[in-house]
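Scroll down for the structure; my scribbles are underneath it.
Predicted, not measured: the structure shown is a model, and the values here were computed from it.
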Amino acid sequence: MDNENRTQARIFLLSGLTNNTTLAIFLFIFFLLVYIVTVVGNVGLIAIVYKTSALHKPMYYFLSYLSLVDLFYSSTVVPKMISDLIAMKKVISFQGCALQFFVFATLAGTDVLLLSNMSYDRYVAICHPLHYVIIMTKKKCLYLVIIAFFLGFLQSSIQINCIFGLQFCRSNLIDHFYCDVLPLFKLSCSDISTCEMLTLLFIGSYSIASLTTILVSYIFIMFSILKINSTKGRKKAFSTCSSHLICASVFYVSVFCTYLRPSSDFFNEQDKVASIFYSVMTPMLNPLIYSLRNKEVKSVIKKLHSASRLLDREVP
């Protein structure tokens, strides 16, 4: 191996979303607004759940942690992506790239497991309503959240040791808007077979295990809903699950489209669009969907809005 091939990249260049200046300005404004909505939505939902005693239930306990993960998950990628849209050079250090990937992979793994925890919570609430309080205790909910964070951290730690132990000497241009595993593999001149197998194992096993939990939970939920005699009762039961189903569907479809597909030599524009959905749009949509479709959350928001308007009238 010659000296050029032994040279390890110390910085990476990111291709970003576009090289079109006019489009870049439009995307900068658009994604800045998306990020602001993401921060306000997730922080607001966390604050509402924390401050409202009526929402101190397992479902909203998991939802607040999902919002917390989504907030940091988005913040790991979006601010850098936005700044790169107007930057002359889209540069990230080797250590910065490793840190971004580590945090992103940890939170992505945690997000997947929290979605399955929420489906289990809905299964217990609808299929075993009389035992719900006994089964979904605060202690059990805490353990489920800790396990989700621990497993997310574990798989990310193993992946980062493998991926960033590779030699990157073919090029330092990452064809993406953040440091992701597939574009990084394209730059390596090392044997990537072990890392590829580990990546497929973790992404496949976490996603499939979580998705299986969600599907099985909702199969039992559907059978229980069909047994409810009144149309109003069935509608109410289904409405408690619809928000979770929508959020999980958007996340899983975009992840599967990006990672669990036939191998390709290029990380193309379609892959970038799919990545935008699960890394940028989903963290914004989650609090909006739960706020707009959940009657309890909407009721709290309306009360807070009415209270603020009344306060404004009283203040001279």
Side-chain angles (χ1 to χ4, degrees), residues 38 42 45 58-78 100-124 140-160 162-163 178-182 196-219 221 241-261 271 274-287 289-290:
T38 300
N42 283 292
L45 195 54
M59 176 183 174
Y60 300 105
Y61 178 79
F62 289 126
L63 180 57
S64 62
Y65 273 102
L66 182 68
S67 289
L68 182 66
V69 169
D70 281 343
L71 177 63
F72 287 102
Y73 179 69
S74 177
S75 298
T76 305
V77 172
V78 180
Q100 186 186 58
F101 175 81
F102 173 72
V103 175
F104 185 80
T106 298
L107 296 175
T110 305
D111 210 326
V112 165
L113 296 173
L114 284 175
L115 287 170
S116 61
N117 287 344
M118 293 172 76
S119 70
Y120 173 69
D121 170 73
R122 291 299 83 206
Y123 158 74
V124 176
K140 186 173 185 177
C141 291
L142 177 61
Y143 284 156
L144 288 172
V145 169
I146 290 172
I147 290 170
F149 275 97
F150 173 74
L151 291 177
F153 173 82
L154 179 65
Q155 59 87 23
S156 181
S157 300
I158 295 172
Q159 281 198 81
I160 196 173
C162 185
I163 295 166
Y178 71 97
C179 291
D180 200 11
V181 58
L182 297 181
E196 280 186 319
M197 188 168 59
L198 276 173
T199 300
L200 184 61
L201 174 66
F202 282 122
I203 294 175
S205 60
Y206 274 55
S207 298
I208 293 170
S210 175
L211 191 57
T212 301
T213 302
I214 292 171
L215 290 175
V216 171
S217 296
Y218 277 105
I219 287 170
I221 286 170
C241 307
S242 58
S243 300
H244 177 261
L245 273 174
I246 294 169
C247 293
S249 298
V250 172
F251 183 85
Y252 282 111
V253 168
S254 55
V255 168
F256 287 156
C257 287
T258 304
Y259 296 104
L260 301 182
R261 58 173 176 76
D271 297 313
S275 298
I276 286 171
F277 267 97
Y278 70 78
S279 63
V280 182
M281 302 307 294
T282 301
M284 179 195 71
L285 291 173
N286 284 349
I289 291 169
Y290 276 100

How many angstroms lie between [atom1] in [X] and [atom2] in [Y], if you round to the nearest 0.5 Å?
X      : Y      : atom1 : atom2 : value
Phe149 : Leu114 : CZ    : CG    : 6.0 Å
Leu245 : Ile221 : CG    : CD1   : 7.5 Å
Glu196 : Ile163 : CD    : CD1   : 10.0 Å
Cys162 : Leu198 : SG    : CG    : 5.0 Å
Thr38  : Met281 : OG1   : CE    : 8.0 Å
Asn286 : Asp111 : CG    : CG    : 7.0 Å

Does the plane of the ring in Tyr73 sit parallel, tilted or perpendicular to the ring in Phe104? Use 30° and 60° as the thresholds.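 The arrangement is parallel - the two ring planes meet at less than 30°.
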Among residues at least two apart in sequence or on other chains, which ones pass side chain to side chain contact (heavy atoms under 4.5 Å, CB included) with Val103?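 Result, side chain to side chain contact (heavy atoms under 4.5 Å, CB included) vs Val103: Thr76, Leu99, Leu107.
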Is it the case that the side chain of Ser116 and the backbone of Leu113 share a donor-acceptor pair, with hydrogens and angles ignored and the cut-off at 3.5 Å?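 A pair under 3.5 Å: yes.
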Is there a donor-acceptor contact under 3.5 Å from the side chain of Ser279 to the main chain of Ser275?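 Side chain of Ser279 to backbone of Ser275, a donor-acceptor pair under 3.5 Å: yes, one is there.
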Taking atom CZ of Phe277 as the centre, does the number of heavy atoms from other residues, nucleotides or ligands within less than 6.0 Å exceed 12?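 12 or below, so no.
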Reference residue Asn42; test side-chain contact (heavy atoms from CB on, under 4.5 Å); the match among Ser64, Ser75, Ser67, Ser74: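 Checked Ser64, Ser75, Ser67, Ser74 against Asn42; only one passes side-chain contact (heavy atoms from CB on, under 4.5 Å): Ser67.
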Partner of Ser210 by side-chain contact (heavy atoms from CB on, under 4.5 Å), out of Thr212, Thr213, Ile214: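 Considering Thr212, Thr213, Ile214, a side-chain contact (heavy atoms from CB on, under 4.5 Å) with Ser210 is found only for Ile214.
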Among residues at least two apart in sequence or on other chains, which ones pass side-chain hydrogen bond (donor to acceptor under 3.5 Å, both in side chains) with Gln159?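 Counting only residues at least two positions away or on another chain, Gln159 forms a side-chain hydrogen bond (donor to acceptor under 3.5 Å, both in side chains) with Gln155, Thr199.
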Among residues at least two apart in sequence or on other chains, which ones pass side-chain hydrogen bond (donor to acceptor under 3.5 Å, both in side chains) with Tyr61?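 By the side-chain hydrogen bond (donor to acceptor under 3.5 Å, both in side chains) rule, Tyr61 matches no residue at all.
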Over all heavy atoms of both residues, which pair between Gln100 and Val77 is shortest? Give the atoms and the distance, please.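 That would be NE2-CA, 4.1 Å.
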Heavy-atom closest pair, residues Phe101 and Cys179: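 Heavy atoms of Phe101 and Cys179 come nearest at CD1-O, 3.6 Å.
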Apply side chain to side chain contact (heavy atoms under 4.5 Å, CB included) to Leu144 and Phe62, showing your working. CA-CA 9 Å; Leu144 288 172; Phe62 289 126; 3.8 Å; yes
